[in-house]
Amino acid sequence: MKKSPETLAAQAGGRIDAPTGALVPALHTSTTFARDPGYALVGPHEYARDDNPTFLPCEDVLGELEGGAALVFASGMAAASAVVESTVRTGDHVVASRAMYWSFRNRLRALADRFALDLELCDPGDVARAVRPGVTRLVWIETPANPTWDVVDVAAAAGAAHAGGALLAVDSTAATPVLSRPLELGADFVMHSATKYLSGHGDVVAGAVVVRDRGPLWQSLRAHRRGAGSVLGPFEAWLLSRGMRTLFVRVARQCESALALAEALAKTPGIREVLYPGLPTHPGHAIAARQMRGGFGGMLSVRVDGGRARALEVAGKLTVFARATSFGGTESLVEHRASVEGPGSLAPEDLLRLSVGLEPASELLDDLRRALGA
Ligand SMILES: Cc1ncc(COP(=O)(O)O)c(C=O)c1O
């Protein structure tokens with residue numbers, strides 16, 4: 001019987017370790033793999049910078065979740081860099097939605113400087129229009145996008161990219177494969193910071209890219225990973241595999257709590273605006289409702305009355321939310337993005353980003369209301 005993605009995730013791929021009968025995948029720390037007296041490799045592996053047996057459950061499960069073939073990387077940034085560096089050549093035109101994880105926006109700018117790329121950063125709604133037929137090589141979008149949760153229409157971006165001869169990459173970190181499957185909407189690359197929801201416990205830095213099959217895109221990503229050495233450590237791969245077992249239940253709960261918080265905060269005095277694609281007032285709601293299923297994610301941001309000082313004051317008074325960067329873990333986090341990103345940040349000064357964890361939504365709401373004095 002074909003197992004559903006949810007079952008495969010819960011069972012870490014469902015393999016049984018042949019020599020031992022173990023249900024939990026083994027953690028292989030060996031960097032090198034033996035050859036027989038005739039100098040043939042004893043197994044399918046040679047050296048741990050190429051790949052490692054501990055990767056396999058992660059890559060198999062993630063491939064099934066996204067409907068493609070996955071590769072894991074040392075971090076989300078390594079995964080994203082591999083997509084760009086294995087796709088573009090000097091002088092290529094690259095379109096990217098400006099609304100994206102700031103550090104990768106900076107990385108794209110740095111790559112553009114060094115390799116004379118013609119990088120065009122545009123508004124999320126202008127991605128399709130920015131594609132220049134026959135000229136654009138890569139289109140990069142993140143949806144929902146940090147930290148305002150702008151939504152980009154993946155199918156429209158894929159249509160425009162392909163009509164112009166370009167490839168579409170989607171950073172789907174915030175959506176997770178539970179809520180969105182960009183390959184089915186036409187994307188060529190799906191990228192994840194697996195540091196976030198996929199691993200889900202705040203204890204692994206990891207990244208992943210999924211492409212449709214083990215064809216040329218997969219081959220060149222794998223060659224890039226081997227050449228750049230951006231390989232995930234076996235312990236991190238093991239933790240990622242363990243974390244993905246609970247992905248579906250975590251994301252379902254986080255979506256439910258985030259929506260409850262967004263709805264309640266929209267009516268709370270002291271809050272100017274709630275940014276959450278699940279609210280009908282969010283500009284990306286209609287597209288999100290079309291391309292996400294089962295929820296709108298566990299991330300939302302609030303803009304508070306009173307600007308930067310007030311936002312920092314509110315963050316300082318929270319006791320259930322931890323003040324820390326990153327997201328997608330079991331504990332709720334609050335972050336003043338403008339402080340973290342520093343000069344040049346596009347994040348509004350009055351914005352607090354909330355990563356909703358697994359605590360009861362009522363406790364999180366009480367914490368926010370008390371901090372706001374509402
Ligand atoms: C949306 C998004 N993409 C990519 C990254 C980079 O991932 P990593 O920190 O795993 O390198 C992050 C990190 O915060 C992110 O939020």
Side-chain angles (χ1 to χ4, degrees), residues 58 62 66 70-85 96-111 121 124 140-152 154 169-180 182 187 189-210 224-225 228-233 236-237 239-240 243-244 251 254 275 277 284 288 292 296-301 322 324-329 333-342 345-347 351 353-357:
C58 298
L62 191 53
E66 290 288 6
L71 287 162
V72 291
F73 286 83
S75 67
M77 289 294 276
S81 301
V83 170
V84 178
E85 291 168 20
S97 163
R98 194 177 286 115
M100 70 155 94
Y101 174 54
W102 71 293
S103 200
F104 191 61
R105 193 170 57 231
N106 291 343
R107 172 96 180 118
L108 277 177
R109 286 194 177 115
L111 287 170
L121 294 172
W140 185 278
I141 60 174
E142 177 180 322
T143 183
N146 263 295
T148 43
W149 315 111
D150 288 88
V151 176
V152 183
V154 177
V170 179
D171 182 339
S172 197
T173 300
T176 80
V178 177
L179 307 175
S180 179
F189 302 94
V190 180
M191 176 254 142
H192 288 280
S193 165
T195 313
K196 312 296 190 299
Y197 290 100
L198 294 181
S199 61
H201 293 74
D203 52 10
V204 185
V205 172
V209 183
V210 193
H224 187 283
R225 181 178 71 181
S230 52
V231 78
L232 187 64
E236 286 73 12
L239 280 172
L240 173 56
M244 284 198 293
V251 170
Q254 285 159 327
L275 300 168
M292 298 175 83
F296 296 91
M299 296 302 299
L300 68 149
S301 295
T325 194
S326 201
F327 61 89
L333 305 178
V334 61
E335 189 179 35
H336 186 248
R337 281 304 294 171
S339 291
V340 171
E341 296 181 14
S345 168
L346 302 179
L351 181 145
R353 186 179 85 174
L354 304 176
S355 170
V356 177

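Indexing begins at 1, ligand by ligand and atom by atom, following the structure's order.
Taking OG1 of Thr325 as the start and NE2 of His336 as the end, the distance is 12.5 Å to the nearest 0.5 Å. Between the SG atom in Cys58 and the CG atom in Leu71 there is a gap of 11.5 Å [rounded to 0.5 Å].
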Please tabulate, one line per pair, the protein N or O atoms found under 3.5 Å from any N or O atom of ligand 1, giving the distance to one decimal.
residue: ligand 1; atom: 3 (N); partner: Asp171; partner atom: OD2; Å: 2.6
residue: ligand 1; atom: 7 (O); partner: Ser193; partner atom: OG; Å: 3.0
residue: ligand 1; atom: 10 (O); partner: Gly76; partner atom: N; Å: 2.9
residue: ligand 1; atom: 10 (O); partner: Ser193; partner atom: OG; Å: 2.8
residue: ligand 1; atom: 10 (O); partner: Thr195; partner atom: OG1; Å: 2.6
residue: ligand 1; atom: 11 (O); partner: Gly76; partner atom: N; Å: 3.1
residue: ligand 1; atom: 11 (O); partner: Met77; partner atom: N; Å: 2.9
residue: ligand 1; atom: 14 (O); partner: Lys196; partner atom: NZ; Å: 2.7
residue: ligand 1; atom: 16 (O); partner: Asn146; partner atom: ND2; Å: 3.3

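Taking the six-membered ring for Trp and thresholds of 30 and 60 degrees, Trp149 and Phe327 have ring planes more than 60 degrees apart, a perpendicular arrangement.
For the pair Asp171/Met100, no side-chain contact is recorded, criterion being any heavy-atom separation below 4.5 Å from C-beta on. Taking 4.5 Å as the limit, every side-chain heavy atom of Glu335 sits out of range of all side-chain heavy atoms of Ser355.
For residues 97-110, the salt bridge (charged side-chain N to carboxylate O under 4.0 Å, His left out) pairs, not counting sequence neighbours, are Glu85-Arg107, Arg98-Asp123.
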